[in-house]
Amino acid sequence: MRTFPIFVSFDAKPPLVVGGGELAAIKTRLLLKRAPSVDISAEGLGTELAKLAEAGQVTLVAPQPGIDQVRGRPLVIAATEDDEEDTRVSAIARALGVPVNVPDRPELCTFVLPAIVDRGEVTVAIGTSAAAPVLAQRLRAWLERELHPRLDALAKLAGEYRGRVADKVPSGTPRRKFWEAVFEGAAAEAMLEGDEPKARDLIGAAIEAASEEGETQGRVILVGAGPGDPELLTVKAVRALKSADVVFYDRLVGEGALDHARREAEMIRVGKAKGAHSVPQDKINALLIERAKAGQTVVRLKGGDPFIFGRGGEELDALRAAGIAIEIVPGVTAGIAAAASLQIPLTHRDVSHTVTFVSGHDAGGNAPSFEHFDLAALASGNNTLVVYMGVTTAAVIANKLLEAGFRPELPVIGVENASRDDERRVATNIATLAARPDGLGLKSPAVLIFGEVAGLPASGAVEDILSAEEVKRAYA
Ligand code: SAH
């Protein structure tokens, strides 16, 4: 049976369930999710239905219903568990054009009951045209987990403001944007967290702002896409991508992340491979501002975390100066992802008490001077250094560490393409790295982890690099 989903109103007349037993009770309970009351046609009522009758939710009417009892019903469910009687009721209903369902007898049905996810005002009905009820149940379980339990309160609140928004915010794109901003933003978040006064304040303020502007201004969401494995995207990042009109993304962002963008979203790649052509930073800032001012929801998608060596700070400054609304969605930064993949903790009670993220290049693109922090203080041990963008400067960095007093045998692990299918890891020590101008043969993107923790047992394959002496010989 091919079916078309609709939502039926029970306001005019209650639905009719024929049968007083357990099956009838199950169907009645389902109808009572929305029906104020249900009429039951039966000789007598089983325990559960009797309780519902006592509570006034169920009314017992005469058994073996005829034409008059069926006519005008929004729907009828025949659940007497007596084949002959169910068939008779179904025939009457069909003759009268009243929708009828007989559990497990598709040939006697003119409608099927969906699997339902119930969030009050928000109802999701799942149908598989009766082909795969178990699949429908699985989908239902999945949606139960995905949909916030307080979605109902949010929908009610939105319903309450609908008229006011229609008065104040121009219809079409501005209004759609307005509601998208409400559902994506702090107002919805507050409501879902149970802070209704805050949600009301925010919606009220948004309405004022929108009516003053005449049209809603867009906003920029700075989103961390994580290190490459799409499963390391946050739920918030996915939600931001789904709301985007335009996505500006970096080279390091994995394909899997981009797949989450709204199908209509414009996808613009803005760089940045080292040394390769890319859009200059001020041009990117200008583009973000221009699009947001035009009312678009702009996602600025960056590899890892936007605030770890991602120039997120500069974009933030520019957007703030231009008065653009901004939201930040953090991401899993490469160093953390590398450590997780290796199953090596960056801090560890016994061997490392601090962790320092450091760039292997200075702002001008040269090897770092490390003048901005006290390398010698870190040399005493108990610290982990995670170096980003350090592949080409690895040997220079290793030499600086040796000069600062780091012990030559201190373990180092380099991780290339952390969390991606082609992840590669190599282990060595500082002295060896210092003697290897090729930076262990690692290719960008890679992070280098310096510290005692790098000597802890790692999970998975790690290539061991020759000792310093062997390297010296090899390069002699
Ligand atoms: N914001 C990013 C870092 C951008 S700087 C983050 O938080 O991860 C670019 C540097 O990040 C690369 O040179 C490399 O050192 C590191 N990087 C990014 N993705 C990586 C990955 N999948 N594996 C290893 N290193 C990575």
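Whatever order the structure lists ligands and atoms in, that order sets their numbers, starting from 1.
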When you look at T428 and R436, which way does the side chain to side chain donor-acceptor pair (under 3.5 Å) test go after all the steps?
CA-CA 11 Å; T428 187; R436 288 270 305 238; over 6 Å; no
Donor-acceptor contact below 3.5 Å, side chain K302 vs main chain G310:
yes
To the nearest 0.5 Å, what is the distance between CZ (R291) and CZ (R300)?
13.5 Å
Step through the shown structure and confirm whether more than 12 heavy atoms of other residues, nucleotides or ligands are within 6.0 Å of CZ on F373.
yes
Using heavy atoms and a strict 4.0 Å limit, residues surrounding ligand 1 turn out to be P227, L252, G303, G304, D305, I308, F309, T333, A334, Y388, M389, V415, N417, A418, R420, P445, A446, V447
What do the steps show when you test N399 against E403 for side chain to side chain donor-acceptor pair (under 3.5 Å), and what is the final call?
CA-CA 6 Å; N399 278 303; E403 278 165 34; over 6 Å; no
Within the distance-only criterion (no hydrogens, no angle test), does the side chain of H361 pair as donor or acceptor with the backbone N or O of M389 below 3.5 angstrom?
yes
